[in-house]
Number of protein chains: 2
Amino acid sequence: MSEARAYHHGNLREALLEAGLQLTRAGGPSALVLRDVTRRVGVSPNAAYRHFADRAGLLQAVVERVQQEMTALMHPDGTPDGEDPAARARAQLRAVGLGYIDFALREPGWFELAFAAPELGRAPGPGPGSGYDHAPGPPLPAPLARLVDALDGLVAAGVLRPEERPGAEWPCWSAVHGFALLALHGPLRGLPAEELRRSAERTVDAVVRGVTGG
Amino acid sequence: MSEARAYHHGNLREALLEAGLQLTRAGGPSALVLRDVTRRVGVSPNAAYRHFADRAGLLQAVVERVQQEMTALMHPDGTPDGEDPAARARAQLRAVGLGYIDFALREPGWFELAFAAPELGRAPGPGPGSGYDHAPGPPLPAPLARLVDALDGLVAAGVLRPEERPGAEWPCWSAVHGFALLALHGPLRGLPAEELRRSAERTVDAVVRGVTGG
DNA sequence: CCGTGATGTGTACGCTGTCAACATAGTCGG
DNA sequence: CCGACTATGTTGACAGCGTACACATCACGG
C-alpha cells in the first residue's frame with residue numbers, strides 16, 4: 001500500500017537516504033556530498049532535487065533517520081537492579097550519560113551528524129522555564145528523552161530537590177557532550193579505549209555528584 | 001630587523017592573517033575561504049601559496065593567532081580574595097571555567113575555530129599518565145594552562161587528593177566545552193544572556209563540586 | 001649590470017551545489 | 001484504448017571553490 005514502488009528507479013528517496021547514512025557513518029556530515037550520494041545510487045546529481053530541496057534538506061532527513069536509529073541502539077538497558085531507590089536513580093542517570101558517550105565513540109560519524117553539526121536547526125529550544133517543558137511539540141531526540149526521565153527519577157527518589165529539577169539537563173548534557181567531543185577531536189583523541197572509558201566514567205560520576213547536590 | 005617589509009605588497013603574510021582573523025571572527029572556520037581572504041587583501045588567490053602550504057596551513061596559522069589573542073583576553077583576573085585557601089582555590093577553578101564559556105559566547109567564531117574545529121591537529125595528546133604531563137613540549141593553549149594551574153591549586157589547598165589530580169582536567173574541560181557548544185549551536189542557543197549565565201554557573205558549580213569529591 | 005631568488009599574476013583543471021530545459025514513464029479521465 | 005497530465009530522471013550550463021603550472025616582476029648581491 002504505502003509501499004512506494006518503482007517509477008523509474010524504484011523508490012529513489014529511500015535509496016538516497018540509505019546512501020547518505022552509509023557516507024555519513026564513515027565520514028560525518030561533511031561526507032554527505034550530493035554528487036557522491038547520487039553517484040552511489042547510480043543516478044544523475046539533479047535527481048536528488050525531486051526528493052529534497054537541496055543538500056541541506058537531504059542532510060536534515062538523514063539526521064532524522066539517525067536519531068530514530070539511535071532510539072533503537074540505546075536499548076532500554078533495564079533499570080539497574082538494587083534495593084536503594086536513590087542509588088538506583090543515580091545509576092540510571094549514570095547509564096544514560098555513559099550511553100551517550102558510548103554511542104559517540106562507537107559511531108563518530110553519526111554522532112557528529114546528529115548532535116555536533118553546527119548550523120542545523122536542531123533543538124526545539126527550551127521553553128520559558130529554562131528546563132525542557134514536559135509536553136513540547138516535537139518529540140525530543142531519544143537520548144535527551146532518556147536524560148529527562150532519569151532526572152525525573154532522581155526527583156522521585158528524593159535525591160534531587162524538586163526546585164532544583166528545572167535546568168538540570170544542561171550540566172549533564174554539557175558534560176557528556178563535551179567529553180564526547182574531546183574524545184573524538186580534542187586532546188583525548190586516540191587514547192586507548194580503556195583509559196578513555198575510565199575518564200568517561202569519572203566525568204559522568206563527577207557531574208552526577210555535582211548535580212545531585214554533592 | 002625582523003620587520004618583514006614590502007616586496008610587492010608589503011608583508012602579505014601578515015595581511016592575510018589579519019583578514020583571516022576578521023573573517024573567522026564573524027563566521028567561524030568555514031568563513032576562511034581562501035579566495036575571500038586574498039580578495040579582501042587585494043591580491044590574487046595564488047599569492048597565498050607563497051606564504052602558506054594550502055588553505056589548511058593558513059587556517060592553522062590563524063588558529064595559533066587566536067590562541068595567542070586569547071591569552072591576552074583572559075586577563076589574569078586576579079586570584080579571588082578571601083581567607084579560606086580552599087574556597088579560594090575552588091573560586092579560582094570556577095573562574096577559569098566561566099572564563100572559557102564567556103570567551104566562547106563573546107567570540108563564537110574564534111572559539112569554534114580554536115577549540116571546536118574538527119580535523120585540526122590541535123591537542124598535543126596527553127602523556128602516559130592520562131593527565132597532562134607537567135613538562136610537555138608544545139605550550140598548552142592558554143585556557144588549558146590556566147585550568148591546570150587551578151587544579152594544582154586545589155591540590156595545594158588540600159581540596160583535591162593528590163592521587164585524584166591526574167586526569168582531573170577532563171571532567172572540567174568536558175563540562176565547560178560542552179556547555180559552550182550547547183549554548184552556541186545546541187538547544188540553549190538563543191537563550192537570553194541572563195538565563196544562559198545562570199545555567200553556565202550551575203554547570204560549572206556542579207562539575208567543581210563533582211571533581212572536588214562532593 | 002646582470003643573474004638569481006623571492007614574490008605575485010594568469011590560466012587552467014576538476015570538483016562542488018544548483019538552475020533551467022528537456023525527456024520519459026507511469027496514471028488517469030474520456 | 002488513447003491522449004493529457006504529473007511525477008520522476010537526464011542533460012547541459014554556471015558560478016564558486018581549492019589548487020597546480022607557467023610566467024612576470026621586483027630586490028638585491030656579485
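The chains referred to below are lettered A, B, ... by the order of the sequence lines, with proteins before strands, and numbering in each begins at 1.
Leu12(B) is listed as a side-chain neighbour of Val41(B), based on a closest heavy-atom distance under 4.5 Å. Counting heavy atoms from C-beta outward, Arg165(B) and Val148(B) have side chains that approach closer than 4.5 Å.
The nearest whole Å value for the distance from the CG atom in Asn11(A) to the C1' atom in dG9(D) is 14 Å. For Leu34(A) and dC17(D), the CG to P distance is 19 Å, given to the nearest whole Å. Remark: P of dT8(D) and OH of Tyr49(A) are 17 Å apart, rounded to the nearest angstrom. Nucleotide dC17(D) holds its P atom 12 Å from the CG atom of Leu23(B), rounded to whole Å. Following rounding to the nearest Å, Leu32(B) (CG) and dG16(D) (P) show an atom-to-atom distance of 18 Å. Atom NE2 of His51(A) and atom C1' of dG9(D) are 8 Å apart (whole Å). Atom CG of Asp54(B) and atom C1' of dC21(D) are 17 Å apart (whole Å). Summarising the geometry, the separation between CZ on Arg55(A) and C1' on dG16(D) is reported as 15 Å, rounded to the nearest angstrom.
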Anything under 3.5 Å between a protein N or O and an N or O of nucleotides 10-12 of chain D, put it in a table, one pair a line.
| unit_1 | atom_1 | unit_2 | atom_2 | d |
| --- | --- | --- | --- | --- |
| dT10(D) | OP2 | Ser44(A) | N | 2.7 |
| dT10(D) | OP2 | Ser44(A) | OG | 3.3 |
| dT11(D) | O4 | Asn46(A) | ND2 | 2.5 |
| dG12(D) | O6 | Asn46(A) | ND2 | 2.7 |

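Residue-level contact check: Arg35(A) touches the bases, meaning some heavy atom is under 4.0 Å from a base atom. Using a 4.0 Å heavy-atom cutoff across all strands shown, Arg39(B) reaches sugar-phosphate atoms only and no base atom.
The existence of a salt bridge linking Asp36(B) and Arg39(B) is confirmed by a sub-4.0 Å separation between a basic side-chain nitrogen and an acidic carboxylate oxygen. A salt bridge is defined here as a Lys NZ or Arg NE, NH1 or NH2 lying under 4.0 Å from an Asp or Glu carboxylate O, and Glu69(B) with Arg65(B) fails to meet this definition.
Map Arg13(B) and Val33(A) each onto its nearest nucleotide of DNA chain C; the residue landing nearer the 5' end is Arg13(B).
A search for salt bridge (charged side-chain N to carboxylate O under 4.0 Å, His left out) contacts involving Glu164(A) returns Arg161(A), not counting sequence neighbours.
Closest approach of Thr212(A) and Arg90(A) over heavy atoms only: OG1-NH1, 2.9 Å.
There is a side-chain donor-acceptor pair under 3.5 Å between Glu64(B) and Gln60(B).
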